[in-house]
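These notes are about the structure you will find just below.
Just so we're clear, the structure is a prediction, and the values are computed from it rather than from any experiment. Note that ligands are numbered from 1 as they come in the structure, with each ligand's atoms numbered from 1 the same way.
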Amino acid sequence: MKKKTLDPLSEKENQNLSKISSDKLISKSPSGPISSKWTNHKNSINLVNPANKRNIDIIVVGTGLAGSSAAASLAEMGYNVKTFCYQDSPRRAHSIAAQGGINAAKNYQNDGDSIHRLFYDTVKGGDYRSRESNVHRLAEVSANIIDQCVAQGVPFGRDYGGLLDNRSFGGVLVSRTFYAKGQTGQQLLLGAYSAVNRQIGKGKITPYNRHEMLDLVKVEGKARGIIARNLETGEIERHAAHAVVIASGGYGNVFFLSTNAMGSNVTASWKIHKKGAFFANPCYTQIHPTCIPRSGDNQAKLTLMSESLRNDGRIWVPKNIEDVKLIRAGKLIPTEILEENRDYYLERRYPAFGNLVPRDVASRAAKERIDAGFGVNKTEEAVYLDFSSAIQRYGKQEAAIARIKNPSNSEITNLGEKIVESKYGNLFQMYEKIVAENPYKTPMMIYPAVHYTMGGVWVDYNLMTTVPGCYCIGEANFSDHGANRLGASALMQGLADGYFVLPYTIGDYLSEDIRTGPISINSEEFDLAEKNVTDKLEKLLIIKGTKSPDYFHKRLGKVMWEYVGMSRNEKGLKTAIKEIKLIKEEFWKDVRILGDRNSLNPELEKAGRVSDLLELGELFAKDALNRNESCGGHFREESVELDGLQKGEAKRDDKDYSYVSAWEFNKEPSEAILHKEHLEFNDIELKQRSYK
Ligand SMILES: Cc1cc2nc3c(=O)[nH]c(=O)nc-3n(C[C@H](O)[C@H](O)[C@H](O)COP(=O)(O)OP(=O)(O)OC[C@H]3O[C@@H](n4cnc5c(N)ncnc54)[C@H](O)[C@@H]3O)c2cc1C
């Protein structure tokens, strides 16, 4: 008998579900031991036979790593796929920016890695706010991803003997990060894009580039298509399918300044939210500790310095405030500060993990030093990331290998710099181009910046949202990272979802559609959705106000950073909610968009995205206000350890907050309804997260 995907549940379904956390939230985590859940699930879900796949259409919105890998796999399996992206080519998705690497439990370093350890590190790193079953599956399929990508020709870094090399990322005690110099995302995306292109050539994927999805179409409660705008001609188009997959990336740009690509936005996720998809943990944001500091008010983007740099770079500020003042005044340079006068504060506070503590911990520690007055640049918002020790260490090693007797200091430095260049050359070059300082000779200056959003569209174990037939994958969903993502795990999750999870789970749902036949775009539901889209575009154009969309976006970003940024408190969050509402009101009275909707109009595109970010921003602050505990990237000033070894660290509250917050849209973000998916930990002991 076929499983239904809608409430109410049959008795059999009820038995199969390990938890039903609220009337509408059903995680569909399979029962049984954690290590066999995924295998058993794959063995028991419904399949679509190859001939029937040819009669089924799937829309994939987004062609980053998650969307491209899903589209290529689904097409390879025989489904008819349409892809959508707003860039001019799938290979220009934001994923291309990923620098440092991708995790996998291969244990190539023989350092004790295993599926269990990756599972454990990810649950602990996420501060015990993720679903165990999903994370275990992620760890299980991680190794397959590397094999898949190698087969596609992704040029991962190799060691001297030709085997795939690994490096370490934060929050773990093993080396499991595969990399392609500082361009891992680009190389992985080229691999996925080649797979997509192959299917385009075979006629199994039809690409709609420069198209923006502006609404989801539901027919009889199921996702049956989208409304998209052709960004070049302005034409509004209807596209029908048996299922819709959202792979539209993260929403870090709600802060205006972030390391995300300028175009990254929340529109696709927000549109499905408004059509019934719950939005989970919107307040879980990752602030990355190693970014190039802001230089002024006219900046639109922040640049990441990959976490891989913390393998060899040591983070410090001067011990003495007088030295800080002299540096700011240009009377002292960092290389003149003696070793004993440097505060390697991560090594001091977290001896077990040192500079490789997870991102949330490293960012907060930087903020603590900066709030105490130790910021080393003119805006007082920077700490040092220093490679001099690594250069010396590598230099001596290389001199020994080359049998150089009594090498001079400059010989050691030259040899060491060559090794550092071979590992991080392009990142050093990027830093030098932006900051105009040579990071081989003087420490980099870095500061935390918004980087990734762990929150996103709520999905069940099959990656289906609360709208039947609408799936969400990659950074756009809330799934595997809990309250904090570990470095190099986003690429792993996006590709796991696209190559290895969704292609199996979507069949379970689509097996009910083998007799449905093509979905028509000539229906009342499509008429209505199209009208909603055109009405909103007209409403924006008719305002003819005085301020650009960017003006409002910047204001939103400032409020978000000030009150909903690295640390949050009740008063600030209430202020943020009020201010965001005011900005939203002003936006709808005073935004100015030139041009019309029937041609290329980037300002109109931006205005639509900003209006969605304004709504999301309010829900984000509301979620942060509701969660009166500190966990992962969400730091509430009211919830801090007051004594003992952990004094000053974030304090989680498992008794009251061990749940996923899933918000149901209800007219306005302020009216959103909270549903809770209670988290159970059967295979990992809930503990205080310590990196000391
Ligand atoms: C600078 C930087 C470096 C990073 N480095 C690493 C790293 O080393 N390792 C790691 O694991 N992670 C890294 N990350 C995170 C990682 O890159 C992202 O989480 C991941 O690439 C997101 O992939 P995605 O496929 O989910 O979304 P994206 O790559 O953001 O793709 C989104 C797609 O959706 C499309 N889209 C969006 N909205 C619409 C719409 N309305 N209509 C049509 N199309 C739409 C876009 O056109 C695009 O094709 C890094 C992130 C940044 C910012």
Side-chain angles (χ1 to χ4, degrees), residues 59-71 83-104 145 167 169 177-180 182-189 192-193 196 207-216 226-229 231 239 245-253 258-272 286 288 290-292 301-308 359 427 430 449-454 456 472-477 481 485-495 497-498 605 608-609 612:
I59 283 173
V60 179
V61 177
T63 58
L65 280 172
S68 286
S69 56
T83 57
F84 291 80
C85 69
Y86 56 73
Q87 290 94 346
D88 56 1
S89 155
R91 62 169 293 245
R92 289 169 66 87
H94 156 71
S95 287
I96 208 156
Q99 301 173 347
I102 173 167
N103 288 331
I145 299 171
R167 52 193 180 200
F169 264 53
T177 305
F178 294 77
Y179 63 93
Q183 309 171 340
T184 314
Q186 178 172 357
Q187 299 306 332
L188 291 171
L189 192 58
Y193 175 60
V196 165
Y208 291 84
N209 305 338
R210 302 290 289 132
H211 275 67
E212 182 165 29
M213 171 215 169
L214 291 178
D215 209 354
L216 177 76
I226 63 167
I227 305 294
R229 180 166 177 266
L231 298 178
H239 294 272
V245 179
I246 301 296
S248 52
Y251 51 85
N253 279 353
S258 87
T259 62
N260 288 193
M262 293 285 291
S264 297
N265 66 81
V266 80
T267 290
S269 304
W270 199 250
K271 298 305 183 198
I272 65 166
Q286 176 156 90
H288 198 296
T290 58
C291 303
I292 298 183
K301 166 112 182 63
L302 293 171
T303 306
L304 174 77
M305 288 285 105
S306 166
E307 179 159 311
S308 58
R359 293 171 180 179
L427 300 171
M430 189 162 78
V450 172
H451 178 64
Y452 181 88
T453 43
M454 283 75 67
C472 189
I473 58 174
E475 190 174 341
N477 75 23
H481 310 293
R485 171 174 73 80
L486 290 181
S489 286
L491 302 183
M492 172 174 69
Q493 180 230 325
L495 290 179
D497 288 358
E605 291 167 32
R609 293 170 193 166
D612 293 330

### Query
Can S258 and N253 be said to form a side chain to side chain donor-acceptor pair (under 3.5 Å), step by step?
CA-CA 6 Å; S258 87; N253 279 353; 2.7 Å; yes
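- Below 4.0 Å from some heavy atom of G249 lie the following atoms of ligand 1, by number and element: 26 (O), 27 (O), 30 (O), 32 (C).
- Taking any N or O of Y452, backbone or side chain, none lies under 3.5 Å from an N or O belonging to ligand 1.
- For R609, the CZ atom is densely surrounded, since the number of other residues' heavy atoms within 6.0 Å is greater than 12.
- Among all heavy-atom pairs drawn from T267 and M213, the shortest one is CG2-O, 3.9 Å.
- For atom 44 (N) of ligand 1, the nearest non-hydrogen atom from the set C85, G263, A268 comes from C85.
- For N209 and S89, the side-chain atoms include no donor-acceptor pair closer than 3.5 Å.
- For atom 43 (C) of ligand 1, the nearest non-hydrogen atom from the set M305, H211, R91 comes from H211.
- Within ligand 1, counting atoms from 1 as listed, the ones closer than 4.0 Å to a heavy atom of G474 are 26 (O).
- For ligand 1, the atoms lying closer than 4.0 Å to a non-hydrogen atom of A98 are 3 (C), 4 (C), 5 (N), 6 (C), 7 (C), 13 (C), 17 (O).
- Residue contact check for ligand 1: A488 places a non-hydrogen atom closer than 4.0 Å to it.
- Checked by distance only, ligand 1 and A93 stay at 3.5 Å or farther apart across all their nitrogen or oxygen atoms.
- For the pair I102/I145, a side-chain contact is recorded, criterion being any heavy-atom separation below 4.5 Å from C-beta on.
- With a 4.0 Å cut-off on non-hydrogen atoms, S308 does not touch ligand 1 at all.
- Rounding to the nearest 0.5 angstrom, the gap separating the OG1 atom in T177 from the CG atom in L486 is 9.5 Å.
- Taking only nitrogen or oxygen atoms, main chain and side chain alike, T63 reaches within less than 3.5 Å of ligand 1.
- The shell of residues lying under 4.0 angstrom from ligand 1, judged by heavy atoms, excludes G494.
- Every atom of ligand 1 with a heavy atom of A66 under 4.0 Å away is listed here by number and element: 25 (O), 26 (O).
- Each of the atoms 32 (C), 33 (C), 34 (O) of ligand 1 lies under 4.0 Å from some heavy atom of A247.
- Close approach of ligand 1 to G64 (heavy-atom distance below 4.0 Å) involves ligand atoms 25 (O), 29 (O), 31 (O), 33 (C), 49 (O).
- Judged purely by atom type and a 3.5 angstrom limit, Q187 has no side-chain atom pairing as donor or acceptor with the backbone of A180.
- Of the inter-residue distances, the one linking L427 atom CG with T290 atom OG1 reads 9.5 Å to the nearest 0.5 angstrom.
- Selection from R485, Q99, H94 by nearest heavy atom to atom 14 (N) of ligand 1 gives R485.
- Atom 12 (N) of ligand 1 has its closest protein heavy atom at A490 CB, 3.4 Å.
- Residue contacts with ligand 1 for L491 involve both N, CA, C or O and side-chain atoms from C-beta outward (heavy atoms, distance under 4.0 Å).
- The backbone of S489, and not its side chain, has at least one atom closer than 4.0 Å to an atom of ligand 1 (non-hydrogen atoms only; backbone = N, CA, C, O).
- The shortest N or O to N or O distance between E475 and ligand 1 is under 3.5 Å.
- Between H451 atom NE2 and N260 atom CG the span is 7.5 Å, to the nearest 0.5 Å.
- Around atom 8 (O) of ligand 1, the closest heavy atom drawn from G100, G487, G182 belongs to G100.
- Neither the backbone nor the side chain of Q286 has a heavy atom within less than 4.0 Å of ligand 1.
- Remark: distances from the non-hydrogen atoms of I102 to ligand 1 are all 4.0 Å or more.
- If you check which protein heavy atom lies closest to atom 39 (C) of ligand 1, you get Y86 CD2, 3.8 Å.
- Considering backbone and side-chain N/O of G67, none are found under 3.5 Å from N/O of ligand 1.
- Remark: ligand 1 and V61 share no N or O pair separated by less than 3.5 Å (distance only, no angle test).
- In this structure, the protein non-hydrogen atom closest to atom 34 (O) of ligand 1 is G62 CA, 3.1 Å.
- Here the side chains of D497 and N477 are in contact, with some heavy-atom distance below 4.5 Å.
- Between A97 and ligand 1 there is a heavy-atom distance shorter than 4.0 Å.
- Looking at N260 next to ligand 1, no N or O pair under 3.5 Å apart turns up.
- Environment of CZ in R92: sparse, with no more than 12 heavy atoms of neighbouring residues, nucleotides or ligands closer than 6.0 Å.
- For ligand 1, the atoms sitting less than 4.0 Å from at least one non-hydrogen atom of L304 are 1 (C), 2 (C), 3 (C), numbered in the order shown with element in parentheses.
- Listed by number with element, the atoms of ligand 1 under 4.0 Å from a non-hydrogen atom of S95 are 20 (C), 21 (O), 22 (C), 23 (O), 24 (P), 25 (O), 28 (P), 29 (O).
- A cation-pi arrangement is absent between R359 and Y452, since the terminal nitrogen or guanidinium carbon is not both under 6.0 Å from the aromatic centre and inside a 45° cone about the axis.
- Proximity of T259 to ligand 1, defined as any heavy-atom pair under 4.0 Å, is shared by backbone and side chain alike.
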### Candidate pair K271 and D612, rule side-chain contact (heavy atoms from CB on, under 4.5 Å), full reasoning
CA-CA 8 Å; K271 298 305 183 198; D612 293 330; 3.3 Å; yes
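- Ring geometry for F84 versus H211: interplanar angle over 60°, hence perpendicular rather than tilted (30 to 60°).
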#### Entry: Pair Q99-M430, side-chain contact (heavy atoms from CB on, under 4.5 Å): steps then yes or no
CA-CA 12 Å; Q99 301 173 347; M430 189 162 78; 3.3 Å; yes
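- Geometrically, ligand 1 and Q87 share a nitrogen or oxygen pair separated by less than 3.5 Å.
- The shortest contact between atom 41 (N) of ligand 1 and any protein heavy atom is with M213 O, 3.2 Å.
- Scanning all protein heavy atoms for the shortest distance to atom 2 (C) of ligand 1 gives H451 CE1, 3.4 Å.
- Side-chain atoms of N265 and Y86, non-hydrogen and from C-beta on, do get closer than 4.5 Å to each other.
- A heavy-atom distance below 4.5 Å is found between the side chains of S308 and F169.
- Contact between M492 and ligand 1 is absent, with no heavy atom of the residue lying under 4.0 Å from the ligand.
- The protein heavy-atom contact nearest to atom 38 (N) of ligand 1 is S248 CB, 3.5 Å.
- Not a single N or O atom of N265, backbone or side chain, sits closer than 3.5 Å to an N or O atom of ligand 1.
- At least one N or O atom of G101, backbone or side chain, sits closer than 3.5 Å to an N or O atom of ligand 1.
- For the atom pair OG1 (T259) and CG (L302), the distance works out to 7.5 Å, reported to the nearest 0.5 Å.
- Contact detail for A93 and G64: the closest heavy-atom pair is CB-CA, 3.4 Å.
- Nearest heavy-atom pair, E307 versus G487, reported as atom, atom and distance to 0.1 Å: OE2-CA, 3.8 Å.
- When all heavy atoms are compared, the tightest approach of S69 to G494 is OG-O, 3.9 Å.
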